[in-house]
Each structure stands twice: as C-alpha cells, then as structure tokens.
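Just follow the structure's listing: the first ligand is 1, and inside any ligand the first atom is 1. Both backbone and side-chain heavy atoms feed into the values below; hydrogens, waters and symmetry mates do not.
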Amino acid sequence: MPNKATDSFTLKNNNGVEIKFAAHGGRLISVKVPSVTGEIADVLVGYDTVEEALNGDLFFGALCGRYANRIVKGQYVLDGKTVQLDVNNGPNHLHGGVEGFNQRVWNVEEIDKDGCTSAFKLTLVSPDGDQNYPGELKVKVVYSLNDRNEFKIEYLAETSKPTVINLTSHPYFNLSGDLSKSAEDHLLMLNAKQFTPIDPALETCNGEIADVKGTPMDFTSEKPVSDAVNSSFDQIKMVDGLDHNFVISDAEEGLIRAATLKDPKSGRSLEVYTDQPGIQVYTGNHFDGSEKGKGGAPIDKYCGVALETQIFPNSPNHENYPDAVLRPGKEYQHTCIYKFGF
Ligand code: BGC
C-alpha cells in the first residue's frame with residue numbers, strides 16, 4: 001500500500017531521543033532531545049502537526065533532491081548536451097525544482113538494522129525527465145537511531161542515464177528547545193578552512209574557493225553564530241546572515257566530523273558527521289516572523305541553524321568543484337549523522 005502524505009513514523013531510543021517524520025518529503029516533524037538536566041524538548045524548527053507542515057515551508061526538515069542547493073539558471077552541460085531545469089529561485093534552480101523530492105510522498109517501511117533502536121527505509125522513483133533531469137533515478141534513504149544518540153541518514157541512488165545528483169536533508173535546529181528564541185547564541189564549530197563564496201551576480205557560487213582565515217567565516221574554533229551573522233563582512237551582508245557552503249577539511253578520508261553546534265544554556269549539542277565534501281550552513285535569513293510555527297511562535301530570522309551535508313552549490317558547472325555526475329552502473333552514496341549530546 002502506498003503511503004499517504006500525512007502518514008508519520010517515529011524513531012526512538014532508550015535515552016529519551018524521539019524523532020518523528022512524515023512520508024511527505026520524508027520531512028522531520030519533531031526531534032525531541034533531553035537537556036543535561038533531563039528536560040526533554042523539541043529542538044527542530046517547524047510546525048506542530050504534519051498537516052500544518054504540509055501547508056508551511058516545504059523545505060523544513062525535508063529530503064531535498066534531485067540536486068539540492070543551486071544550479072545557475074537551471075542549466076548545465078553533461079556529455080555535450082545542455083540540460084535546462086526549471087528556475088524556481090530568482091534566476092536559479094534550487095533544491096530540485098518546482099516539485100523536488102521534498103514534495104514527494106516517499107514509500108516508508110520499518111526495517112531492522114544492527115545496533116539501532118529504530119530504522120526506516122524510504123524509497124522514491126524519480127522518473128526519466130522528472131523536473132527535466134535525465135534518467136530514472138531510484139532513491140533509497142535509511143533513517144536510523146541508536147543508543148549513542150546518533151540519527152543517521154544514508155542516501156543511496158542509481159540512475160538509468162547519466163544525471164547530476166546532490167541529496168540532502170534540511171532540518172533547522174534550535175538546541176535551546178525554546179523555539180521562540182533566536183539561535184544566535186549557539187556556538188558553532190566547522191571543520192572547514194575554506195568556503196565557496198557567493199557571486200552576487202549569480203546569487204550562488206561561481207567556482208571560487210576562498211580561505212576563511214581572517215574573516216568572520218572562520219569557525220575552525222567554536223564561536224557564537226552571532227559573531228558572524230552580525231558582522232559587516234560583505235559575504236554575510238549580501239545574504240543577511242550565513243547561507244554558505246563550507247569546504248570540509250580532509251573530506252576524502254571518509255566519515256568525519258564536519259560541524260558541532262552547542263546551546264550553552266541547556267547543554268545540548270549536535271555533532272554532524274559526513275562523507276560529503278561540503279556543508280551548507282543556513283541561519284534562516286529569509287524568515288521575518290510573519291509565519292507562526294510550533295506553539296504559535298513566530299518563525300523569525302536566525303530561529304535555527306541548518307547544517308546540510310552535500311556537494312558544492314552549482315558543482316555541475318565547475319570542474320574544480322566535486323563531481324556531481326552519477327552514471328548508470330554506479331551507486332550514489334552519502335552518509336550524514338546528526339549526533340546529539342546532553
Ligand atoms: C539555502 C537557502 C534557501 C533555503 C530554502 C537553503 O538550503 O541555502 O538559500 O533559502 O534553503 O529553504
């Protein structure tokens with residue numbers, strides 16, 4: 001039986017961590033985590049119910065694809081052929097287009113997975129020509145949780161024709177658990193000596209890679225998010241906060257820690273491990289409080305921090321960026337672990 005959009009599922013462990021998601025977009029609905037004093041709170045920015053989530057911002061907590069992040073003018077050349085995707089974000093293609101994977105009803109099946117207290121397999125078939133992407137893409141995502149408080153997302157995909165691919169997940173975290181508060185006081189560490197600057201003319205990256213050293217983009221030692229978002233650095237001013245892809249150092253070594261986010265008050269922390277070369281850090285700069293989220297709290301800018309593991313924005317147009325091409329007979333693989341500490 002195919003799933004309904006509003007069907008929801010819950011992962012639980014023995015330490016009080018509970019993660020609820022919906023079949024629609026595989027979107028995370030709530031992420032409940034204890035504090036150091038054992039107080040359980042929802043640390044995921046979003047909406048109280050699945051129904052509200054489906055009427056709200058459809059990127060919140062969702063699985064994004066076929067190509068998460070931006071492709072300039074929705075265009076790239078693959079094997080000599082120009083592919084024209086739709087343009088759904090100013091001049092660019094964002095998060096897979098008008099009907100990206102965040103808007104699909106995924107098939108969800110509970111599975112047994114070694115060492116995990118809960119696990120689910122989510123599958124989706126993206127037909128040949130979906131949003132103009134060539135090739136039928138079969139996607140499998142496994143959500144699992146264990147007693148080390150690791151919420152793991154494993155992405156696998158196969159294609160029938162060469163295509164580009166970049167899957168990610170789009171949760172905004174506010175570890176205070178008080179979703180009416182800004183996350184600016186959170187401490188952020190990024191294992192990144194470089195980032196890919198935004199070209200104002202393209203509204204995304206142009207192939208450049210820049211050093212973070214000596215700029216507010218330097219999170220190699222932990223510091224408050226506010227130090228960066230309130231700075232007058234041109235890259236930050238341009239997008240009114242952080243909305244940048246950071247180049248993970250030593251990414252070729254496999255699963256490594258890319259980021260740590262901490263809420264100093266509750267003592268909750270989040271470590272992000274991945275095998276991907278990049279991580280998009282987005283502080284929800286475009287929210288303006290006009291929309292109400294959980295508990296009726298306004299969804300305002302800097303309400304949470306999204307840490308999206310991925311390859312670089314606009315990679316299909318830049319040979320010096322990681323290769324986004326998936327060919328028949330090869331498997332796309334991506335692992336991201338959100339590990340909670342308390
Ligand atoms: C991007 C933002 C975009 C947001 C939409 C993020 O991944 O970096 O630029 O506005 O997604 O939800």
By ring pair (Phe, Tyr, Trp, His ring centres under 6.0 Å), which residues pair with [X], not counting sequence neighbours?
X      : answer
Tyr332 : none
Tyr273 : none
His24  : none

Original post:
Applying a heavy-atom distance cut-off of 4.0 Å, which protein residues contact ligand 1?
Top reply: Phe59, Arg70, His95, His170, Tyr172, Asp243, Gln280, Tyr282, His286, Glu308
Subject >> No-hydrogen, no-angle side-chain donor-acceptor test under 3.5 Å, Gln235 and His244 >> reply: yes
Subject >> Distance-only polar pair, side chains of Asp243 and Asn285, donor-acceptor under 3.5 Å >> reply: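 Not at all, the side chains of Asp243 and Asn285 share no donor-acceptor pair under 3.5 Å.
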**OP:** Quick one: do Glu331 and Lys140 satisfy salt bridge (Lys or Arg N to Asp or Glu O under 4.0 Å)? Show the steps, please.
**Re:** CA-CA 11 Å; Glu331 191 173 42; Lys140 176 167 127 185; over 6 Å; no
